[in-house]
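To start, the structure itself, in structure tokens.
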Amino acid sequence: MNNVKIAWRNLWRNKKRTFITVASIFFGVFLSTFMTSMQQGSYSGMIDNIVKFYSGYIQIQNEDYWENKTINNSFQLTDSLISTIKSVTEITQITPRLESFALISTENLSQGAVVVGIEPENENNLTGLSKWVKEGNYLSSNDDGILMGKLLAKYLKANINDTIVLLSQGYHGSGAAGKFVLRGILDFPSPELSKGFVYMELKNCQQFYSAEGFLTSLVLMVKDQSHLPKAKRKLSKIINSPYRIMTWDEMSPEMVNMIESDKAGGVIMKIILYMIISFGIFGTILMMLNERKREFGVMIAIGMQKTKLGKILFYETLMIGLLGVVLGFLVSIPTIAYYFAHPIVLTGDAAKTMIDIGVEPLMKFSWKAMVFYNQVIIVFVITFLIAFLPLTNINKLNVVKALKG
Amino acid sequence: MSVIEIKNLHKIYNESEVKVHAVNGINLSFEQGEFAAIVGPSGSGKTTLLNMIGGLDSPTEGQIIVGGTEINKLKAGKLIDFRMRNIGFVFQAYNLIPVLTAKENVEFIMHLQGVSKQDREKRTKELLIAVGLGDRINSRPSKLSGGQQQRVAVARALASKPKFVLADEPTANLDSKSTENLLDIMEKLNKEENITFIFSTHDARVVKKAHRVITVEDGKVISDERK
Ligand SMILES: Nc1ncnc2c1ncn2[C@@H]1O[C@H](COP(=O)(O)OP(=O)(O)OP(=O)(O)O)[C@@H](O)[C@H]1O
Ligand SMILES: [Mg+2]
């Protein structure tokens, strides 16, 4: 009889107890995998949303622009800059923007807003801007009209085809004034955007600001978050002063904070979950050791070395852990595969809030490998550590006392 | 030369406030092939004495010499090894490993000794037949009666070809028929294979079968009769 075989048979002596212990480990692995997948899924969903909504994964800006967002901190778009960026294979899309502030007026009403000059088609490919057009039309190339947020239009009592006056300061202090036709109204989910954004065609915008050929940012996309670090690394090698590379997390620190604090909450929940599992296994092992003291006494009395007996018990604990972990892993895979393919559609207040901030009301799941192996490793390490308990217990066992039962 | 030599053996328990002199200066020796009973009232020190002879407990004072080895001087691991090679044990009850069959229980110790599979199986079969359980080789202990379990325990005790077998009240949990049966088997093994048995008992019928009766009281030997 080898140690492993004896250990295996011992597992089935108290079937109920083994089952309960295995089940608790199983649920631990399953729940933490599920939770992690949900968290990771919602983070990448959030990042995806924010990135595709406006900022892109990366922006190339003038090095002073982020701290001081004026049109004077813009930069000239050159062919060599474009080809440099295009040499980075991770970059999938590029669109230029010129952004500044202006006073937007109709006959009697005025309101400040951000004016964004865009290449309509490129911009639409990247952020899907046209999908927010609820009235009028999206901009065509060489369009001389403008789009504005719905709340802004409402405030200004502006309708499609009305003439809108824009007043601002152009490049290096030149005056900027112009009349533009309102082409379309954008029904952004976010009130912030809806109240404060005006879009026009890039060349038109550059002319308005007397900043021909200038941009405030080049917005870049990569395939997904996982390609970002590499793209950034490559870009930083070839793009230097006076340019600056900004990634989405640098541009949206609030989002990063939100994810970090949510992660911290998740960690606490997992610690509690793991503690429950640990105590469960610990209790089972202690109970088992106590019940079988007499038997251990007999085995050592007739000549079994304590180390060998300890090994058997070590294997027993490990097998329980392994069973639970493997089951948890095997059940997690199809479950998460299902939810990965069919995200949970949220309803109620939560959904409303999400829609308001421009996020799809979906609970997405992550299918990344780490979602699975992290939990498996942690729970297995826990059982592995607990498996040392019988070793010390047997080492301290007094044969005479154990035989008395 | 004696198989077991006990010299001036003392065991004092002072775990609690009261000191208990469980074994109080015992001198004994056992020869190869003895069939000896240790008797005495409850608390007289029989178990304590047997435990020390078997190297399960350590004396407060004195020596136990088994086949020339002073076992109370052995280190823990070596002592376990010594027990495995030289001493057979039969306890009062729950002797067997529950998850192993009768055969595996008997084989177990030979496994520890590193006996080859072929020899193990041969000897196990012989022993189980000798204790009258040739037809229950593959039963687990829970499927055997108390008497059958004790017989497997005797077979296991012999499996390692020990110098002697210690049995602390081996029949205490058995009915009279099983008691007689177990004693007959032990006696037969003693007679035919010259195996040394030392057992403690309360049972007058068991005492009657013994060839030597050692009576202890208050940790001292008060009589030692050979028949
Ligand atoms: N671990 C211990 N701590 C303290 N005293 C003990 C311990 N073990 C045994 N004793 C005491 O030693 C004495 C001898 O006990 P022992 O078990 O050897 O008696 P025994 O002859 O086997 O009795 P029984 O016939 O009831 O089995 C008793 O007084 C007992 O209370
Ligand atoms: Mg006793």
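Reminder, nothing fancy here: chain letters follow the sequence lines and each chain counts from 1.
Less than 6.0 angstrom separates the ring centroid of A:Phe388 from the ring centroid of A:Phe314. Between B:Phe197 and B:Phe35, the distance separating the two ring centers is shorter than 6.0 angstrom. A ring-centre distance under 6.0 Å is not found for A:Phe19 and A:Trp12. For A:Phe329 and A:Tyr373, the gap between ring centers reaches or exceeds 6.0 Å.
Heavy-atom distances place both the backbone and the side chain of A:Met304 under 4.5 Å from chain B.
From A:Arg292, atom CZ reaches atom CG of A:Leu309 across 8.0 Å, with rounding to the nearest 0.5 Å.
A:Lys270 and A:Thr36 share a donor-acceptor pair across their side chains, judged by distance under 3.5 Å alone. Between the side chains of A:Tyr43 and A:Glu260, no donor-acceptor pair of N or O atoms lies under 3.5 Å.
A parallel orientation is assigned to the rings of A:Phe30 and A:Phe26, their planes being inclined by less than 30° (bins at 30° and 60°).
Ranked by heavy-atom pairs shorter than 4.5 Å toward chain A, the options B:Ala157, B:Ala93, B:Pro162 are led by B:Ala93. Chain A forms the most heavy-atom pairs under 4.5 Å with one residue out of B:Asp168, B:Ile97, B:Thr47, and that residue is B:Ile97. Options A:Thr307, A:Val399, A:Ile300, A:Asn398 differ in how many heavy-atom pairs under 4.5 Å they form with chain B, and the most are formed by A:Ile300.
In this structure, the side-chain hydrogen bond (donor to acceptor under 3.5 Å, both in side chains) partners of A:Thr284, at least two apart in sequence or on a different chain, are A:Thr21.
Chain A is approached within less than 4.5 Å, heavy atom to heavy atom, by B:Asn51, B:Leu56, B:Asp57 from residues 50-75 of chain B, ordered by number. Interface residues of residues 122-152 of chain B toward chain A, defined by a heavy-atom distance below 4.5 Å and sorted by number: B:Arg140. Residues of residues 78-90 of chain B lying under 4.5 angstrom from chain A, judged on non-hydrogen atoms, are B:Ile80, B:Asp81, B:Arg83, B:Met84, B:Phe89 in numerical order.
At least one side-chain heavy atom of A:Phe296 sits less than 4.5 Å from a side-chain heavy atom of A:Leu289. Put simply, the side chain of A:Glu295 reaches to within 4.5 Å of the side chain of B:Pro98, judged on heavy atoms. Between A:Arg9 and B:Leu100, the closest side-chain pair of non-hydrogen atoms falls below 4.5 Å.
Across every non-hydrogen atom of B:Ser200 and B:Pro170, the tightest pair is O-CD, 3.6 Å.
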- Just do the side-chain contact (heavy atoms from CB on, under 4.5 Å) check on B:Asn24 and B:His10 with the steps written out, would you? CA-CA 5 Å; B:Asn24 192 357; B:His10 288 265; 3.4 Å; yes
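Other residues, nucleotides and ligands place more than 12 heavy atoms under 6.0 Å from the CG atom of B:Asp119.
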